[in-house]
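For the single chain, residues carry numbers from 1 onward in sequence order. Computed from a predicted structure; not experimentally measured.
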Amino acid sequence: MRFLSDKSIRTNRKDVADFYEQLPVILRDLLHRLNDDSGVVLKSTNAALAALSKCVPAEELVTHLPFIRNLVASMVSEARYRKGGVGDGQFYLPGLNMPKGLEPLLPIYQRGILYGDATMREAAAAGLGELISITADKYLAGPFLIKLTGPLLRIVGDRNPSAVKIAIIKTLGLILLKGGPALRAFVPQFQTTFVKALSDPSRQVRIEAIKALALLMPLSTRVDPLIKELVATSTGNGSSLAAEEAGIVAIQTASCEALAIVLKHGGSKVKLPESVPSSLDAAKELITHEDEGIRESASKVIGQACQLLGKDTASETIQEMITDKESVLLKASADVKHGIACIIRRLFAEHVGSEVDRSMYKHILGITQNLMRDDSILVRSGACSAIGAVLGSSTEIKSTVALVEKSILSKMDSKEALE
(Lines give C-alpha, C1' and ligand atoms only; values in the text may rest on other atoms or scores of the structure.)
Protein backbone atom coordinates (compact mmCIF):
# COMPACT_ATOMS: atom_id res chain seq x y z
CA MET A 1 0.00 0.00 0.00
CA ARG A 2 1.34 3.44 -0.98
CA PHE A 3 0.84 6.21 1.55
CA LEU A 4 0.36 9.77 0.30
CA SER A 5 1.98 12.75 1.98
CA ASP A 6 -0.11 15.61 3.37
CA LYS A 7 0.99 17.76 0.42
CA SER A 8 -0.11 15.09 -2.08
CA ILE A 9 -3.47 14.77 -0.40
CA ARG A 10 -3.99 18.56 -0.52
CA THR A 11 -3.03 18.68 -4.19
CA ASN A 12 -5.34 15.79 -5.00
CA ARG A 13 -8.30 17.32 -3.18
CA LYS A 14 -7.63 20.72 -4.76
CA ASP A 15 -7.70 19.19 -8.23
CA VAL A 16 -10.86 17.19 -7.57
CA ALA A 17 -12.64 20.09 -5.75
CA ASP A 18 -15.47 17.72 -4.83
CA PHE A 19 -15.90 18.97 -1.27
CA TYR A 20 -16.82 22.62 -1.91
CA GLU A 21 -20.43 22.00 -0.97
CA GLN A 22 -19.19 21.04 2.49
CA LEU A 23 -17.22 24.25 3.00
CA PRO A 24 -19.84 25.85 5.30
CA VAL A 25 -19.70 22.80 7.56
CA ILE A 26 -15.90 22.73 7.53
CA LEU A 27 -15.64 26.46 8.22
CA ARG A 28 -18.20 26.28 11.02
CA ASP A 29 -16.41 23.44 12.80
CA LEU A 30 -12.95 24.96 12.40
CA LEU A 31 -13.92 28.50 13.39
CA HIS A 32 -15.65 27.27 16.54
CA ARG A 33 -12.37 25.63 17.55
CA LEU A 34 -10.70 29.05 17.63
CA ASN A 35 -12.19 29.52 21.08
CA ASP A 36 -10.94 26.22 22.48
CA ASP A 37 -9.08 26.08 25.78
CA SER A 38 -6.48 23.62 24.52
CA GLY A 39 -3.30 24.95 22.91
CA VAL A 40 -2.97 21.73 20.93
CA VAL A 41 -6.45 22.16 19.45
CA LEU A 42 -5.73 25.80 18.59
CA LYS A 43 -2.52 24.89 16.74
CA SER A 44 -4.27 22.08 14.87
CA THR A 45 -7.13 24.42 13.94
CA ASN A 46 -4.69 27.01 12.65
CA ALA A 47 -2.93 24.36 10.55
CA ALA A 48 -6.27 23.11 9.19
CA LEU A 49 -7.40 26.63 8.22
CA ALA A 50 -4.02 27.23 6.56
CA ALA A 51 -4.39 23.98 4.58
CA LEU A 52 -7.93 24.96 3.58
CA SER A 53 -6.83 28.38 2.34
CA LYS A 54 -4.11 26.73 0.21
CA CYS A 55 -6.43 24.05 -1.11
CA VAL A 56 -9.44 26.25 -1.92
CA PRO A 57 -8.97 29.34 -4.10
CA ALA A 58 -9.60 32.68 -2.36
CA GLU A 59 -12.27 33.54 -4.93
CA GLU A 60 -14.25 30.51 -3.73
CA LEU A 61 -13.69 31.10 0.00
CA VAL A 62 -14.65 34.77 -0.24
CA THR A 63 -18.20 33.80 -1.22
CA HIS A 64 -18.53 32.49 2.35
CA LEU A 65 -17.34 35.74 3.95
CA PRO A 66 -20.75 36.86 5.29
CA PHE A 67 -21.15 33.40 6.82
CA ILE A 68 -17.67 33.62 8.39
CA ARG A 69 -18.45 37.07 9.86
CA ASN A 70 -21.67 35.81 11.40
CA LEU A 71 -19.91 32.78 12.85
CA VAL A 72 -17.18 34.90 14.42
CA ALA A 73 -19.67 37.43 15.81
CA SER A 74 -21.83 34.66 17.28
CA MET A 75 -18.84 32.88 18.77
CA VAL A 76 -17.46 36.06 20.38
CA SER A 77 -20.90 36.95 21.75
CA GLU A 78 -21.33 33.46 23.19
CA ALA A 79 -17.84 33.50 24.72
CA ARG A 80 -18.50 36.86 26.37
CA TYR A 81 -21.80 35.57 27.74
CA ARG A 82 -20.24 32.39 29.11
CA LYS A 83 -17.61 34.43 30.92
CA GLY A 84 -20.24 36.70 32.38
CA GLY A 85 -19.38 39.47 29.93
CA VAL A 86 -16.23 41.52 30.01
CA GLY A 87 -17.86 44.91 30.52
CA ASP A 88 -15.70 47.56 28.94
CA GLY A 89 -12.71 45.22 28.97
CA GLN A 90 -11.16 43.65 25.91
CA PHE A 91 -11.96 40.12 24.73
CA TYR A 92 -9.33 38.29 22.65
CA LEU A 93 -10.17 35.18 20.64
CA PRO A 94 -7.62 32.48 21.62
CA GLY A 95 -7.20 31.06 18.11
CA LEU A 96 -6.16 34.45 16.75
CA ASN A 97 -3.84 35.21 19.63
CA MET A 98 -0.98 32.96 18.67
CA PRO A 99 1.83 33.25 16.12
CA LYS A 100 0.29 33.61 12.64
CA GLY A 101 -3.17 33.25 14.14
CA LEU A 102 -4.77 35.57 11.57
CA GLU A 103 -2.66 34.38 8.64
CA PRO A 104 -5.00 31.64 7.29
CA LEU A 105 -8.02 33.97 7.19
CA LEU A 106 -6.27 37.00 5.69
CA PRO A 107 -6.45 35.90 1.99
CA ILE A 108 -10.24 35.66 2.22
CA TYR A 109 -10.60 39.22 3.47
CA GLN A 110 -7.98 40.59 1.07
CA ARG A 111 -9.81 39.02 -1.85
CA GLY A 112 -13.08 40.63 -0.77
CA ILE A 113 -11.44 44.04 -0.30
CA LEU A 114 -9.57 44.10 -3.61
CA TYR A 115 -11.93 42.32 -5.98
CA GLY A 116 -15.39 42.16 -4.41
CA ASP A 117 -18.39 44.26 -5.32
CA ALA A 118 -19.48 47.11 -3.01
CA THR A 119 -21.35 44.82 -0.63
CA MET A 120 -18.44 42.39 -0.40
CA ARG A 121 -15.89 45.19 0.06
CA GLU A 122 -17.87 46.61 2.96
CA ALA A 123 -18.21 43.16 4.57
CA ALA A 124 -14.50 42.40 4.08
CA ALA A 125 -13.26 45.74 5.44
CA ALA A 126 -15.61 45.68 8.43
CA GLY A 127 -14.92 42.00 9.06
CA LEU A 128 -11.18 42.57 9.03
CA GLY A 129 -11.65 45.28 11.64
CA GLU A 130 -13.64 42.86 13.76
CA LEU A 131 -10.83 40.29 13.67
CA ILE A 132 -8.21 42.94 14.49
CA SER A 133 -10.26 44.10 17.49
CA ILE A 134 -10.16 40.60 19.04
CA THR A 135 -6.42 40.15 18.42
CA ALA A 136 -3.82 41.44 20.88
CA ASP A 137 -1.26 43.97 19.62
CA LYS A 138 1.70 41.63 19.99
CA TYR A 139 0.23 39.21 17.44
CA LEU A 140 -0.15 42.00 14.89
CA ALA A 141 3.54 42.43 14.09
CA GLY A 142 4.81 45.15 11.76
CA PRO A 143 5.06 43.13 8.50
CA PHE A 144 1.66 41.59 9.10
CA LEU A 145 0.04 45.00 9.66
CA ILE A 146 1.52 46.17 6.38
CA LYS A 147 -0.24 43.25 4.67
CA LEU A 148 -3.50 44.46 6.20
CA THR A 149 -2.96 48.12 5.40
CA GLY A 150 -1.91 47.95 1.75
CA PRO A 151 -5.16 46.67 0.20
CA LEU A 152 -7.30 49.07 2.25
CA LEU A 153 -5.30 52.13 1.22
CA ARG A 154 -5.26 50.93 -2.38
CA ILE A 155 -9.04 50.84 -2.81
CA VAL A 156 -10.28 53.54 -0.43
CA GLY A 157 -9.81 56.15 -3.15
CA ASP A 158 -11.96 54.23 -5.62
CA ARG A 159 -15.53 55.31 -6.29
CA ASN A 160 -17.01 53.33 -3.45
CA PRO A 161 -20.38 53.88 -1.77
CA SER A 162 -20.26 55.65 1.60
CA ALA A 163 -20.84 52.40 3.53
CA VAL A 164 -17.64 50.93 2.03
CA LYS A 165 -15.61 54.06 2.82
CA ILE A 166 -16.88 54.10 6.40
CA ALA A 167 -15.89 50.45 6.92
CA ILE A 168 -12.43 51.04 5.39
CA ILE A 169 -11.67 54.20 7.38
CA LYS A 170 -12.85 52.61 10.63
CA THR A 171 -10.58 49.61 10.04
CA LEU A 172 -7.65 51.85 9.08
CA GLY A 173 -8.17 53.72 12.35
CA LEU A 174 -8.13 50.47 14.27
CA ILE A 175 -4.93 49.42 12.48
CA LEU A 176 -3.35 52.74 13.49
CA LEU A 177 -4.41 52.16 17.07
CA LYS A 178 -2.89 48.69 17.09
CA GLY A 179 0.16 49.26 14.91
CA GLY A 180 1.68 52.46 16.20
CA PRO A 181 5.28 53.17 15.07
CA ALA A 182 5.36 50.16 12.74
CA LEU A 183 3.11 52.13 10.36
CA ARG A 184 5.15 55.34 10.29
CA ALA A 185 6.10 54.80 6.63
CA PHE A 186 2.41 54.89 5.68
CA VAL A 187 1.67 58.24 7.40
CA PRO A 188 1.57 60.31 4.15
CA GLN A 189 -0.88 57.85 2.57
CA PHE A 190 -3.04 57.73 5.68
CA GLN A 191 -3.07 61.53 5.87
CA THR A 192 -4.01 61.97 2.21
CA THR A 193 -6.80 59.42 2.59
CA PHE A 194 -8.32 61.00 5.68
CA VAL A 195 -8.05 64.61 4.47
CA LYS A 196 -9.71 63.68 1.18
CA ALA A 197 -12.52 61.99 3.12
CA LEU A 198 -13.26 65.30 4.89
CA SER A 199 -14.82 66.45 1.61
CA ASP A 200 -16.96 63.35 1.13
CA PRO A 201 -20.71 63.88 0.57
CA SER A 202 -21.46 61.45 3.43
CA ARG A 203 -21.49 63.03 6.90
CA GLN A 204 -20.53 59.73 8.54
CA VAL A 205 -17.49 59.35 6.27
CA ARG A 206 -16.38 62.83 7.33
CA ILE A 207 -16.87 61.99 11.02
CA GLU A 208 -14.81 58.79 10.72
CA ALA A 209 -12.05 60.71 8.91
CA ILE A 210 -11.84 63.23 11.77
CA LYS A 211 -11.56 60.40 14.31
CA ALA A 212 -8.89 58.70 12.22
CA LEU A 213 -6.83 61.91 11.98
CA ALA A 214 -6.73 62.03 15.78
CA LEU A 215 -5.25 58.52 15.79
CA LEU A 216 -2.73 59.47 13.11
CA MET A 217 -1.28 62.49 14.95
CA PRO A 218 1.04 60.52 17.31
CA LEU A 219 2.84 59.18 14.21
CA SER A 220 2.84 62.35 12.15
CA THR A 221 6.01 64.46 12.08
CA ARG A 222 5.01 67.07 9.46
CA VAL A 223 2.01 68.80 10.98
CA ASP A 224 2.48 72.27 9.47
CA PRO A 225 1.45 71.40 5.86
CA LEU A 226 -1.63 69.62 7.21
CA ILE A 227 -2.63 72.64 9.31
CA LYS A 228 -2.14 74.93 6.30
CA GLU A 229 -4.37 72.72 4.15
CA LEU A 230 -7.09 72.50 6.79
CA VAL A 231 -7.03 76.26 7.37
CA ALA A 232 -7.51 76.83 3.63
CA THR A 233 -10.36 74.34 3.39
CA SER A 234 -12.13 75.57 6.53
CA THR A 235 -12.19 79.12 5.17
CA GLY A 236 -13.76 77.93 1.92
CA ASN A 237 -10.66 77.79 -0.28
CA GLY A 238 -10.73 74.05 -0.93
CA SER A 239 -11.63 72.08 -4.04
CA SER A 240 -14.58 73.55 -5.95
CA LEU A 241 -15.57 70.08 -7.19
CA ALA A 242 -15.69 68.70 -3.63
CA ALA A 243 -17.74 71.73 -2.56
CA GLU A 244 -20.28 71.00 -5.28
CA GLU A 245 -20.61 67.36 -4.22
CA ALA A 246 -20.66 67.68 -0.43
CA GLY A 247 -21.60 71.33 0.07
CA ILE A 248 -19.22 74.08 1.14
CA VAL A 249 -20.69 74.38 4.66
CA ALA A 250 -20.34 70.64 5.31
CA ILE A 251 -16.71 70.69 4.16
CA GLN A 252 -15.88 73.82 6.18
CA THR A 253 -17.40 72.28 9.31
CA ALA A 254 -15.52 69.00 8.88
CA SER A 255 -12.25 70.83 8.16
CA CYS A 256 -12.68 73.01 11.25
CA GLU A 257 -13.38 69.96 13.41
CA ALA A 258 -10.31 68.24 11.94
CA LEU A 259 -8.18 71.35 12.52
CA ALA A 260 -9.17 71.40 16.20
CA ILE A 261 -8.29 67.69 16.48
CA VAL A 262 -4.91 68.20 14.79
CA LEU A 263 -4.08 71.13 17.09
CA LYS A 264 -5.09 69.10 20.13
CA HIS A 265 -3.18 65.92 19.30
CA GLY A 266 -0.38 67.27 17.10
CA GLY A 267 -0.05 70.96 17.91
CA SER A 268 3.06 70.40 20.02
CA LYS A 269 4.89 69.23 16.87
CA VAL A 270 4.36 72.48 14.98
CA LYS A 271 7.62 73.94 13.63
CA LEU A 272 6.52 77.03 11.69
CA PRO A 273 5.65 80.05 13.87
CA GLU A 274 2.64 81.01 11.74
CA SER A 275 0.84 77.65 11.81
CA VAL A 276 -1.12 78.00 15.06
CA PRO A 277 -1.77 81.79 14.76
CA SER A 278 -3.15 81.25 11.23
CA SER A 279 -5.53 78.64 12.66
CA LEU A 280 -6.67 81.11 15.31
CA ASP A 281 -7.22 83.86 12.73
CA ALA A 282 -9.26 81.54 10.52
CA ALA A 283 -11.44 80.50 13.45
CA LYS A 284 -12.03 84.13 14.48
CA GLU A 285 -13.20 84.80 10.94
CA LEU A 286 -15.64 81.87 11.07
CA ILE A 287 -17.05 82.41 14.57
CA THR A 288 -19.80 84.70 13.27
CA HIS A 289 -20.69 82.45 10.33
CA GLU A 290 -24.41 82.02 9.70
CA ASP A 291 -24.13 78.24 10.17
CA GLU A 292 -24.34 77.00 13.76
CA GLY A 293 -22.10 73.98 13.12
CA ILE A 294 -19.29 76.10 11.69
CA ARG A 295 -19.45 78.45 14.69
CA GLU A 296 -19.19 75.56 17.13
CA SER A 297 -16.29 73.99 15.22
CA ALA A 298 -14.48 77.33 14.97
CA SER A 299 -14.78 77.81 18.74
CA LYS A 300 -13.01 74.47 19.25
CA VAL A 301 -10.12 75.71 17.10
CA ILE A 302 -9.97 78.93 19.14
CA GLY A 303 -9.81 76.92 22.38
CA GLN A 304 -7.04 74.64 21.14
CA ALA A 305 -5.03 77.47 19.54
CA CYS A 306 -5.16 79.57 22.74
CA GLN A 307 -4.10 76.54 24.76
CA LEU A 308 -1.02 76.19 22.54
CA LEU A 309 -0.20 79.91 22.36
CA GLY A 310 -0.59 80.59 26.10
CA LYS A 311 -2.43 82.86 28.50
CA ASP A 312 -1.41 86.15 26.87
CA THR A 313 -2.96 85.14 23.55
CA ALA A 314 -5.98 83.76 25.41
CA SER A 315 -6.49 87.08 27.22
CA GLU A 316 -6.07 89.04 23.98
CA THR A 317 -8.60 86.78 22.25
CA ILE A 318 -11.10 87.18 25.09
CA GLN A 319 -10.76 90.95 24.95
CA GLU A 320 -11.00 91.12 21.15
CA MET A 321 -13.79 88.60 20.63
CA ILE A 322 -15.85 89.00 23.84
CA THR A 323 -15.32 91.89 26.26
CA ASP A 324 -14.77 94.58 23.60
CA LYS A 325 -18.12 93.61 22.07
CA GLU A 326 -20.09 93.81 25.32
CA SER A 327 -21.39 97.32 24.64
CA VAL A 328 -23.06 96.23 21.39
CA LEU A 329 -24.03 92.75 22.57
CA LEU A 330 -27.68 93.61 23.23
CA LYS A 331 -28.17 94.68 19.62
CA ALA A 332 -26.04 91.89 18.15
CA SER A 333 -27.55 89.05 16.13
CA ALA A 334 -28.22 85.65 17.67
CA ASP A 335 -25.41 84.26 15.50
CA VAL A 336 -22.87 86.65 17.03
CA LYS A 337 -24.04 85.98 20.59
CA HIS A 338 -24.04 82.23 20.04
CA GLY A 339 -20.49 82.45 18.68
CA ILE A 340 -19.38 84.32 21.81
CA ALA A 341 -21.00 81.69 24.04
CA CYS A 342 -19.18 78.96 22.09
CA ILE A 343 -15.81 80.74 22.50
CA ILE A 344 -16.35 81.07 26.25
CA ARG A 345 -17.19 77.40 26.55
CA ARG A 346 -14.26 76.08 24.52
CA LEU A 347 -11.60 78.46 25.78
CA PHE A 348 -12.42 78.03 29.45
CA ALA A 349 -12.68 74.25 29.02
CA GLU A 350 -8.91 74.28 28.37
CA HIS A 351 -6.30 74.66 31.11
CA VAL A 352 -5.37 78.09 29.80
CA GLY A 353 -8.81 79.29 30.88
CA SER A 354 -7.81 78.96 34.53
CA GLU A 355 -4.78 81.21 33.89
CA VAL A 356 -6.80 84.17 32.63
CA ASP A 357 -6.64 87.32 34.76
CA ARG A 358 -9.26 87.14 37.54
CA SER A 359 -10.74 90.57 36.82
CA MET A 360 -11.37 89.49 33.23
CA TYR A 361 -12.72 86.21 34.56
CA LYS A 362 -15.44 87.98 36.57
CA HIS A 363 -16.27 90.06 33.54
CA ILE A 364 -16.79 86.87 31.52
CA LEU A 365 -19.07 85.50 34.25
CA GLY A 366 -21.32 88.52 33.89
CA ILE A 367 -21.45 88.31 30.11
CA THR A 368 -22.26 84.61 30.23
CA GLN A 369 -25.10 85.16 32.68
CA ASN A 370 -26.55 87.83 30.40
CA LEU A 371 -26.42 85.41 27.49
CA MET A 372 -28.28 82.84 29.60
CA ARG A 373 -31.22 85.28 29.64
CA ASP A 374 -31.22 85.94 25.90
CA ASP A 375 -34.38 85.65 23.79
CA SER A 376 -32.80 83.03 21.51
CA ILE A 377 -32.93 79.47 22.78
CA LEU A 378 -29.75 78.72 20.80
CA VAL A 379 -27.89 81.48 22.63
CA ARG A 380 -29.28 80.42 26.02
CA SER A 381 -28.31 76.81 25.36
CA GLY A 382 -24.78 77.80 24.38
CA ALA A 383 -24.45 80.05 27.43
CA CYS A 384 -25.63 77.31 29.79
CA SER A 385 -22.88 75.05 28.44
CA ALA A 386 -20.39 77.92 28.70
CA ILE A 387 -21.16 78.66 32.35
CA GLY A 388 -20.16 75.10 33.25
CA ALA A 389 -16.76 75.54 31.59
CA VAL A 390 -16.24 78.90 33.33
CA LEU A 391 -17.08 77.35 36.71
CA GLY A 392 -14.74 74.44 35.99
CA SER A 393 -11.83 76.81 35.44
CA SER A 394 -12.43 78.79 38.63
CA THR A 395 -9.69 78.94 41.24
CA GLU A 396 -12.24 79.98 43.88
CA ILE A 397 -15.10 77.64 43.22
CA LYS A 398 -17.30 78.48 46.26
CA SER A 399 -17.35 82.21 45.70
CA THR A 400 -17.83 81.72 41.93
CA VAL A 401 -20.81 79.41 42.46
CA ALA A 402 -22.37 82.00 44.75
CA LEU A 403 -22.16 84.56 41.93
CA VAL A 404 -23.93 82.41 39.34
CA GLU A 405 -26.15 80.21 41.46
CA LYS A 406 -29.35 82.17 40.87
CA SER A 407 -28.81 82.22 37.11
CA ILE A 408 -28.26 78.48 36.99
CA LEU A 409 -31.21 77.65 39.23
CA SER A 410 -33.52 79.86 37.19
CA LYS A 411 -32.70 77.81 34.10
CA MET A 412 -33.14 74.53 35.98
CA ASP A 413 -36.60 75.63 37.05
CA SER A 414 -37.53 76.70 33.54
CA LYS A 415 -40.00 74.47 31.72
CA GLU A 416 -38.44 75.13 28.31
CA ALA A 417 -36.37 72.38 26.73
CA LEU A 418 -32.87 73.60 26.02
CA GLU A 419 -31.42 72.00 22.89
Contacts of type salt bridge (charged side-chain N to carboxylate O under 4.0 Å, His left out), residue K228, not counting sequence neighbours | none
Salt bridge (charged side-chain N to carboxylate O under 4.0 Å, His left out) against E355, all qualifying residues, sequence neighbours excluded = none
Can you tell me if T192 uses its side chain to pair, donor with acceptor, with the backbone of Q189 under 3.5 Å?
-> no
Who pairs with P107 by side chain to side chain contact (heavy atoms under 4.5 Å, CB included), at least two apart in sequence or on another chain?
-> none
Q204: side-chain hydrogen bond (donor to acceptor under 3.5 Å, both in side chains) partners, not counting sequence neighbours | E208
Minimum-distance pair of heavy atoms, taken over all atoms of A254 and L198 = CB-O, 3.7 Å
Sequence neighbours left out, what passes side chain to side chain contact (heavy atoms under 4.5 Å, CB included) with L309? Give chain and number order.
-> V276, P277, L280, T313
Listed by chain and number, what are the side-chain hydrogen bond (donor to acceptor under 3.5 Å, both in side chains) partners of T317, not counting sequence neighbours?
-> none
Partner residues of E257 under the side-chain hydrogen bond (donor to acceptor under 3.5 Å, both in side chains) criterion, sequence neighbours left out = S297, K300
Between the side chain of S279 and the main-chain N/O of S275, is any donor-acceptor distance below 3.5 Å?
-> yes
Not counting sequence neighbours, which residues clear salt bridge (charged side-chain N to carboxylate O under 4.0 Å, His left out) with R69? List them please.
-> E130
Mind jotting down which residue pairs meet the side chain to side chain donor-acceptor pair (under 3.5 Å) criterion with at least one end in residues 131-143? Sequence neighbours excluded, please.
-> D137-K178
Those residues at least two apart in sequence (or on a different chain) that pass salt bridge (charged side-chain N to carboxylate O under 4.0 Å, His left out) with K170 are none
Using side-chain hydrogen bond (donor to acceptor under 3.5 Å, both in side chains) as the criterion, list what pairs up with D357, not counting sequence neighbours.
-> S359
Counting only pairs under 3.5 Å, give me each side-chain donor-acceptor contact of residues 337-349, with atom names and distances, residues two or more places apart or in other chains.
| unit_1 | atom_1 | unit_2 | atom_2 | d |
| --- | --- | --- | --- | --- |
| K337 | NZ | D374 | OD1 | 2.6 |
| H338 | ND1 | R295 | NE | 3.0 |
| H338 | ND1 | R295 | NH2 | 3.2 |

